[in-house]
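These notes concern the structure reproduced below.
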Amino acid sequence: MSLEPVSAAAGGASTPRPDDETLARHLAEVVAGAGELARSMYGAGLKTWTKDNQSPVTEADLAVDRFLHRHLTALAPGYGWLSEETADDPARLDARRVWVVDPIDGTRGYMNGAPDWAVSVALVEDGRPLLAALFAPMLDEMFVARRGAGARRNGVRVKVAPRAELEGARAAGPADALDAIARTAAIARLPRGHSLALRIARVATGEVDLAVSRADSHDWDLAAADLLVEEADGRLTTFDAAPLVYNRPVPRHAPLLCAGRALHPVALAAAARAQLFAAPHGAAQPRP
């Protein structure tokens, strides 16, 4: 696997921007390399800290972040950068294209020896994801997507389940959300999991019919999985059916619902009846 940046133009000219198909291939290679780095540090007695928002971070998160920054900025030097583990640079707001990065999505699981964590990277253009790579090393699953070109897991194209009714739907999310939905229809509960990105990606593969999350998820949790779902004929939206906009000054989101296109409006209606996540604005929320 080569991680060399796209070569510069002859004569010392600035590096030309690769076409999106080439860039998608290089992105997958970089994310695979980042996942192998994270796997090499997995279960190795890592140093850990608690950030100001009480979420955990490990030395592996930081090492993977440095790896991704080095290789992705080499691929596209002029693009912006937004990562969970890098101090935010407002210059990203002036960039049309921005790398949106979660070095290890599901850090708590990573720390506790669980396999459901992933490296998640998207290239966002004008507020929406253009390219995505999501790699779960311990599960040997690589998800990739390019706008207009479909979504794939380990090279095989994926598609959401065709379900159009909520009764019997396989649902994943916080327990209180599933409790509320279950009052409107009998659902099959699935594990919530440690990685929000993987929870959403399971909708893209048809393994989960409905995924929900509380408020306060961030761009880096969502952007790659959002494109996977969109390219698999699903939708990830707010509870008022609005698509997500990325690379805003505050990269944080309201409660979200993800489902295939046929089930999505049915699930939104059930969520409205159940008054999901109706806590007053600004109230403390558990993790998504």
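The basis for the numbers below is simple: all heavy atoms, side chains too, and nothing from hydrogens, waters or symmetry mates. The residues of the chain are indexed from 1 along the displayed sequence.
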Inset, instruction - Let me see the working for Asp219 and Arg248 under salt bridge (charged side-chain N to carboxylate O under 4.0 Å, His left out), right down to the final yes or no. - result: CA-CA 9 Å; Asp219 282 11; Arg248 299 174 303 171; 5.2 Å; no
Inset, instruction - Step by step, work out the salt bridge (charged side-chain N to carboxylate O under 4.0 Å, His left out) result for Asp20 and Arg97. - result: CA-CA 12 Å; Asp20 292 339; Arg97 288 187 167 193; 3.0 Å; yes
Inset, instruction - Carefully, step by step, assess Thr184 and Leu166 under the rule side-chain contact (heavy atoms from CB on, under 4.5 Å). - result: CA-CA 9 Å; Thr184 70; Leu166 192 58; 3.8 Å; yes
Inset, instruction - List the atom of Leu68, the atom of Ala34, and the distance in Å for their closest heavy-atom pair. - result: CD2-CB, 3.6 Å
Inset, instruction - Just do the side-chain contact (heavy atoms from CB on, under 4.5 Å) check on Arg202 and Arg170 with the steps written out, would you? - result: CA-CA 11 Å; Arg202 301 296 177 208; Arg170 299 159 297 171; over 6 Å; no
Legend entry - Arg261 and Val160, any side-chain heavy atoms less than 4.5 Å apart: no
Legend entry - Full working for salt bridge (charged side-chain N to carboxylate O under 4.0 Å, His left out) between Asp116 and Arg192: CA-CA 10 Å; Asp116 59 330; Arg192 173 182 181 172; over 6 Å; no
Legend entry - Closest approach of Ala201 to Leu134 (non-hydrogen atoms, all atoms of both residues): CB-CD2, 3.8 Å
Legend entry - Heavy-atom side-chain contact between Asp105 and Glu84 under 4.5 Å: no
Legend entry - Residue pair Pro56 / Thr48, side-chain heavy-atom distance below 4.5 Å: no
Inset, instruction - Report yes or no: does Asp209 contribute a side-chain atom to a donor-acceptor pair with the main-chain N or O of Ala161 at less than 3.5 Å? - result: no
Legend entry - Residue pair Tyr110 / Asp61, side-chain donor-acceptor N/O under 3.5 Å: no
Legend entry - Cluster check Met142, Ile104: I/L/V/M/F/W/Y, side chain < 4.5 angstrom: yes
Legend entry - Euclidean distance, Leu256 CG relative to Leu196 CG, rounded to 0.5 Å: 8.0 Å
Inset, instruction - Keeping the roles fixed (side chain from Arg235, backbone from Ala241), state whether a donor-acceptor pair exists under 3.5 Å. - result: yes
Legend entry - Joint cluster assignment, Val100 & Val57, ILVMFWY side-chain distance < 4.5 Å: no
Inset, instruction - Examine Val98 and Tyr79 and state if one hydrophobic cluster contains both, with Ile, Leu, Val, Met, Phe, Trp and Tyr joined whenever side-chain heavy atoms are less than 4.5 Å apart. - result: no
Inset, instruction - State, with a plain yes or no, whether a side-chain heavy atom of Phe143 is found less than 4.5 Å away from one of Leu198. - result: yes
Inset, instruction - Go through the steps for Val208 and Arg199 under the test side-chain contact (heavy atoms from CB on, under 4.5 Å), then give the verdict. - result: CA-CA 8 Å; Val208 173; Arg199 186 191 314 165; 5.8 Å; no
Legend entry - 4.5 Å side-chain heavy-atom contact, Asp102 and Asp221: yes
Legend entry - Test item: Ile181 and Leu210 side chains (from C-beta on) under 4.5 Å apart, heavy atoms: yes
Legend entry - Note, Pro255 side chain near Val212 side chain (heavy atom, < 4.5 Å): no
Inset, instruction - May I have the step-by-step check of side-chain contact (heavy atoms from CB on, under 4.5 Å) for Phe67 and Val30, ending in yes or no? - result: CA-CA 9 Å; Phe67 178 97; Val30 171; 4.2 Å; yes
Legend entry - Shortest non-hydrogen separation from Ala262 to Pro162 and the atoms involved: CB-O, 4.3 Å
Legend entry - CZ (Arg252) with more than 12 external heavy atoms under 6.0 Å: no
Inset, instruction - Could you pull out the closest heavy-atom pair between Gly35 and Trp117, with the gap in Å? - result: O-CH2, 4.4 Å
Inset, instruction - Check the side chains of His69 and Ser83 for a donor-acceptor pair under 3.5 angstrom, ignoring hydrogens and angles. - result: no
Legend entry - Cluster link Leu244 to Leu227, ILVMFWY, side chain under 4.5 Å: no
Legend entry - Verdict with supporting geometry, Asp179 and Arg189, salt bridge (charged side-chain N to carboxylate O under 4.0 Å, His left out): CA-CA 9 Å; Asp179 288 344; Arg189 297 170 183 250; 2.7 Å; yes
Legend entry - Exercise: do Trp81 and Thr73 side chains pair donor with acceptor under 3.5 Å: no
Inset, instruction - For Tyr246 and Leu236, work out which heavy atoms get closest and say how close. - result: OH-CD2, 4.4 Å
Legend entry - Contact summary for Met41 and Ala63, nearest pair of heavy atoms: SD-CB, 4.0 Å
Legend entry - Single-linkage hydrophobic cluster, 4.5 Å side-chain cutoff, Val229 and Val144 together: no
Legend entry - Distance, nearest 0.5 Å, that separates CZ of Arg128 from CG of Leu123: 13.0 Å
Legend entry - Min side-chain heavy-atom separation Trp220-Pro251 under 4.5 Å: yes
